[in-house]
Amino acid sequence: MKWTAALIATLRDDPQEAEIPSHRLMLRAGLMRKLASGLYTWLPLGLRVLKKVEAVVREEMDRTGALEILMPILQPRDLWERSGRWESMDAVMLKARTHGGRELVLGPTHEEVVTDLVAREISSYRQLPVSLYQINTKFRDEIRPRFGVMRCREFLMKDAYSFDIDEAGADRSYRLMYEAYERIFARCGLEAMAVEADTGMMGGRDSHEFMVPAETGEDAVAVCPKCGYAANVERAAVGETAFSGTRTAEKPEEVPTPGLRTVEELSRFLSASPARFIKTLIYRAGGEPFAVLIRGDREVNESKLSRGLGGAAAVLADEETIRKVTGAPLGFAGPVGLKGVKVLADYSVAAIADGITGGNREDIHLVHVNLERDCPPLEYADLAVAAGGDPCAACGTAMALRRGIEVGHVFKLGTKYSRTLGAVFKDEAGNERPAIMGCYGIGVSRMVAAVIEQHHDEKGIIWPAAVAPYQVLLLTLAPDQPAAARAAEDLLARLEANGRDVLYDDRAVSAGVKFNDADLIGFPVRITIGKKFLKTGLVEVKTRRSEEVRAVDPGEVPSLVDRLLE
RNA sequence: CGGGGCGUAGCGCAGUCUGGCUAGCGCGCACGGUUCGGGACCGUGAGGUCGGCGGUUCGAAUCCGCCCGCCCCGACCA
């Protein structure tokens, strides 16, 4: 392909709207252009990358035995009513209406459609297991789209769904996908790690996220350097901290704290570190109020709380309930003398030797609280959002926090959707049973951004060969010399015949422009036909990764390129 | 949704506080010429509803009001 025919336009300056490297480089290198917030047009160059990622994903999906289908983006309201997600996913759904008034949703995901399909097509255990996948556009009304295609309103996703007869089969399907994911990310040059994850809006019981470590990632992962435990902070289990030391002998003392409700305000007022506060939050779950104690500088992980309560959603209580439970307005709750409600304490408060807490009276806090002495025996549990330095629940080693980009997510869904949407089959005994499901997503467009986050330098992108828009950039610095132009066209033809995709920079611009664009876009191999060729007949071959330049005979180029791209 | 920032030529910006003549600069683009191994140079030229609407004023890119768009941070933690 000739550059002048390929609609490639690079930008000299960094676009003002882009903050992170991948977003900046995708615009500068001419891979995409913005239409509106969270909406991007893929230009020819960018689309080639997207298609290459897609091809790797498709190959590995096919290898697992999954079957490719293509489902509609527009989906009827009815299906979503049946799964209960018309309401629960309202915040991210974009809806549409036909002229006739029929309500549709632009699919944010496809569990409903695929389960409905299987419900109609599958009736016997003889047809199972089956896995179906598609590569299709998803729509999500993100609260705040950002970072280019990293978080946008419309994006390309590979979503797969497995249907099995029993748990053992479902586990096998899950494993198969998990392993395919490892191959997909490795083949695309991504260093990704699987971490335990929260199931969020998907439901189900087990899940792993595939994270690409990157400073610019939106997710945080807790990693144990010793035993290798790794989990999203939304999920990461935190171990108990052993308390060694002496708890305060001073008596609890009431201090007036007029109008001071937050840890931050109180910490300033009392000149005490937030880590000395025993924050007391009143929650309710299933109508029943209860108290949660946590250290002042930590946050409650509500999904841990809900899991601990056997699945009932825990929500912060309203002001009225707080008054009823504590006898004080919001901001003055404390565990000392709190009666009539269950009290759960996060591990983090166990180590507070001399605590500060609300006095259960308006404008009063208590200092010198010794939890062991001043409260009835507490029930300790892991209720906090994990933080750096927290002990690993498995081995007690201090965990580190790393940032990452979520490029894939696999879930064991169980029968949540198959039950509500009727994906049942007859087993050997003639009993009707719901299929055990799994679902598996990969953010295909996000992967492109993730690859760039992981592979760039100050000059531009450094594409892994498997996903580069073109594997080879051929350029000539003497376009007006017929011999050089002929050699270039000849080499272009031979490389293409050898199965390489090659871009030929035939522009009449200076050497600097060509070299800089080559580095910006980041083609793995660069071939230069210049003065040296006219004198010696040799062309120069260089990779984007290294500074090393080899002068070789044009006849040897195809095999050298093969070696360099391996 | 709350807070902050921004909106002037395709891109990057100056000018706005302190209103004043035909609204500037760099890059890019077109044409001509000289160059030709890391973003060359000279000349000529095209390109603007100064985000939109309304107001104040003799006069508005500039002041005021409303709206729109874009970017960043944060979102019930007592």
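Every chain is numbered from 1 and lettered A, B, ... according to where its sequence line falls, protein lines coming before strand lines.
For the C1' atoms, the distance from B:C11 to B:G59 is 33 Å, rounded to whole Å. The same atom, C1', is picked in B:U44 and in B:C50; the two are 27 Å apart, to the nearest Å.
The side chain of A:V513 sits closest to B:A40 out of B:G37, B:C71, B:A40. The side chain of A:R526 has B:G38 as its nearest neighbour among B:C70, B:G37, B:G38. Ranking B:C71, B:G37, B:A78 by closeness to the A:K531 side chain, first place goes to B:G37.
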What's touching nucleotides 26-29 of chain B from the protein side, N or O pairs under 3.5 Å?
| residue | atom | partner | partner atom | Å |
| --- | --- | --- | --- | --- |
| B:G28 | OP1 | A:R12 | NH2 | 3.4 |

Atom pairs under 3.5 Å, N or O on each side, protein against nucleotides 41-52 of chain B: can you list them with distances?
none

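For A:K251, the NZ atom is loosely surrounded, since the number of other residues' heavy atoms within 6.0 Å does not exceed 12. Heavy-atom contacts from other residues, nucleotides or ligands closer than 6.0 Å to CZ of A:R402 number 12 or fewer.
Going from atom CD of A:E142 over to atom P of B:C71 covers 13 Å, rounded to whole Å. Between A:E362 atom CD and B:A78 atom C1' there is a gap of 13 Å when expressed in whole angstrom units. If you take CG of A:L293 and P of B:A78, they are 14 Å apart, rounded to a whole angstrom. Rounded to whole Å, atom C1' of B:C76 lies 15 Å from atom CG of A:L305. Counting to the nearest Å, the P atom of B:G69 and the CZ atom of A:R146 are 19 Å from each other. Between A:I521 atom CD1 and B:G39 atom P there is a gap of 17 Å when expressed in whole angstrom units. Whole-Å rounding puts the A:E319 CD to B:C77 C1' distance at 14 Å. Nucleotide B:C71 holds its P atom 11 Å from the CD atom of A:E19, rounded to whole Å.
Contact between A:V149 and A:S445 at its shortest, heavy atoms only, is CG2-O, 3.7 Å.
When both pairing distances are held under 3.5 Å, B:A9 makes no Watson-Crick or G-U pair with any nucleotide shown. Judged by Watson-Crick or G-U wobble contacts below 3.5 Å, the nucleotide B:U62 has no partner. A 3.5 Å limit on both hydrogen-bonding distances identifies B:G33 as the Watson-Crick or G-U partner of B:C41. Summarising the base pairing, B:G2 is matched to B:C73 through a Watson-Crick or G-U wobble pair whose two defining distances lie under 3.5 Å.
Salt bridge annotation for A:E218-A:R146: present, with a cationic side-chain nitrogen under 4.0 angstrom from a carboxylate oxygen. Between A:D390 and A:R298 there is a salt bridge, since at least one side-chain N of the basic residue sits less than 4.0 Å from a carboxylate O of the acidic one. Classification of A:D346 and A:R295 as a salt-bridged pair fails, no side-chain N sitting under 4.0 Å from a carboxylate O. A salt bridge between A:D374 and A:R247 is absent, with no side-chain N of the basic residue lying under 4.0 Å from a carboxylate O of the acidic one. The pair A:E254-A:R361 counts as a salt bridge, with a side-chain nitrogen and a carboxylate oxygen less than 4.0 angstrom apart.
Every residue meeting the side chain to side chain contact (heavy atoms under 4.5 Å, CB included) condition with A:V549, not counting sequence neighbours, appears here in chain and number order: A:E540, A:K542. With sequence neighbours left out, the side chain to side chain donor-acceptor pair (under 3.5 Å) criterion links A:E103 to A:R77. Annotation: side chain to side chain contact (heavy atoms under 4.5 Å, CB included) contacts of A:L378 (sequence neighbours excluded): A:L293, A:V343, A:A345, A:L371, A:Y380. Under the side chain to side chain donor-acceptor pair (under 3.5 Å) criterion, A:R323 pairs with no residue, sequence neighbours left out. Under the salt bridge (Lys or Arg N to Asp or Glu O under 4.0 Å) criterion, A:K2 pairs with A:E489, sequence neighbours left out.
Note on A:L11: nothing from the nucleic acid sits closer than 4.0 angstrom, heavy atoms only. Among the heavy atoms of the strands lying under 4.0 Å from A:F147 are primed sugar atoms or P, OP1, OP2 only; no base atom is included. Residue-level contact check: A:D517 touches the bases, meaning some heavy atom is under 4.0 Å from a base atom. If you check every strand for non-hydrogen atoms under 4.0 Å, A:V263 touches sugar and phosphate atoms only. At the heavy-atom level, A:K34 lies under 4.0 Å from the strands shown only through sugar-phosphate atoms.
Map A:A18 and A:I282 each onto its nearest nucleotide of RNA chain B; the residue landing nearer the 5' end is A:A18. Place A:G38 and A:K532 on RNA chain B by their nearest nucleotides, and A:K532 ends up nearer the 5' end.
Residue side chain A:R28 reaches the base of B:G39 through a donor-acceptor N/O pair under 3.5 Å, judged by distance alone. Judged by distance alone, with hydrogens and angles left aside, A:D519 brings a side-chain donor or acceptor within reach of the base of B:G38, the pair sitting under 3.5 Å.
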### Task
Go along nucleotides 1-10 of chain B 5' to 3' and tag each nucleotide: B for a protein heavy atom under 4.0 Å from its base, S when only backbone or sugar atoms are that close, - otherwise.
----------
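Distances shown here put every side-chain N or O of A:K279 at or beyond 4.0 Å from the OP1 or OP2 atom of B:C77. Taking 4.0 angstrom as the limit, A:S510 places none of its side-chain polar atoms (N or O) nearer than this to OP1 or OP2 of B:U35.
The stretch residues 340-361 of chain A has no heavy atom under 4.0 Å from RNA chain B, so no residue of it qualifies as close. Near RNA chain B, meaning a heavy atom under 4.0 Å away, the residues from residues 320-332 of chain A are A:I322, A:L330, A:G331.
Identified under the side chain to side chain donor-acceptor pair (under 3.5 Å) test for residues 37-46 of chain A, with sequence neighbours left out: A:H23-A:Y40. For residues 321-373 of chain A, every residue pair satisfying the ring pair (Phe, Tyr, Trp, His ring centres under 6.0 Å) rule, not counting sequence neighbours, is listed here: A:F332-A:H365.
With rounding to the nearest 0.5 angstrom, the CD atom of A:E406 is 5.5 Å from the CG atom of A:D219. One distance of note links CG of A:D517 with CD1 of A:I8; it measures 9.0 Å at 0.5 Å rounding. To the nearest 0.5 Å, atom CD of residue A:E154 and atom OG1 of residue A:T137 are 5.5 Å apart.
A cation-pi arrangement is absent between A:R140 and A:F155 under the rule of less than 6.0 angstrom and at most 45 degrees off the ring axis.
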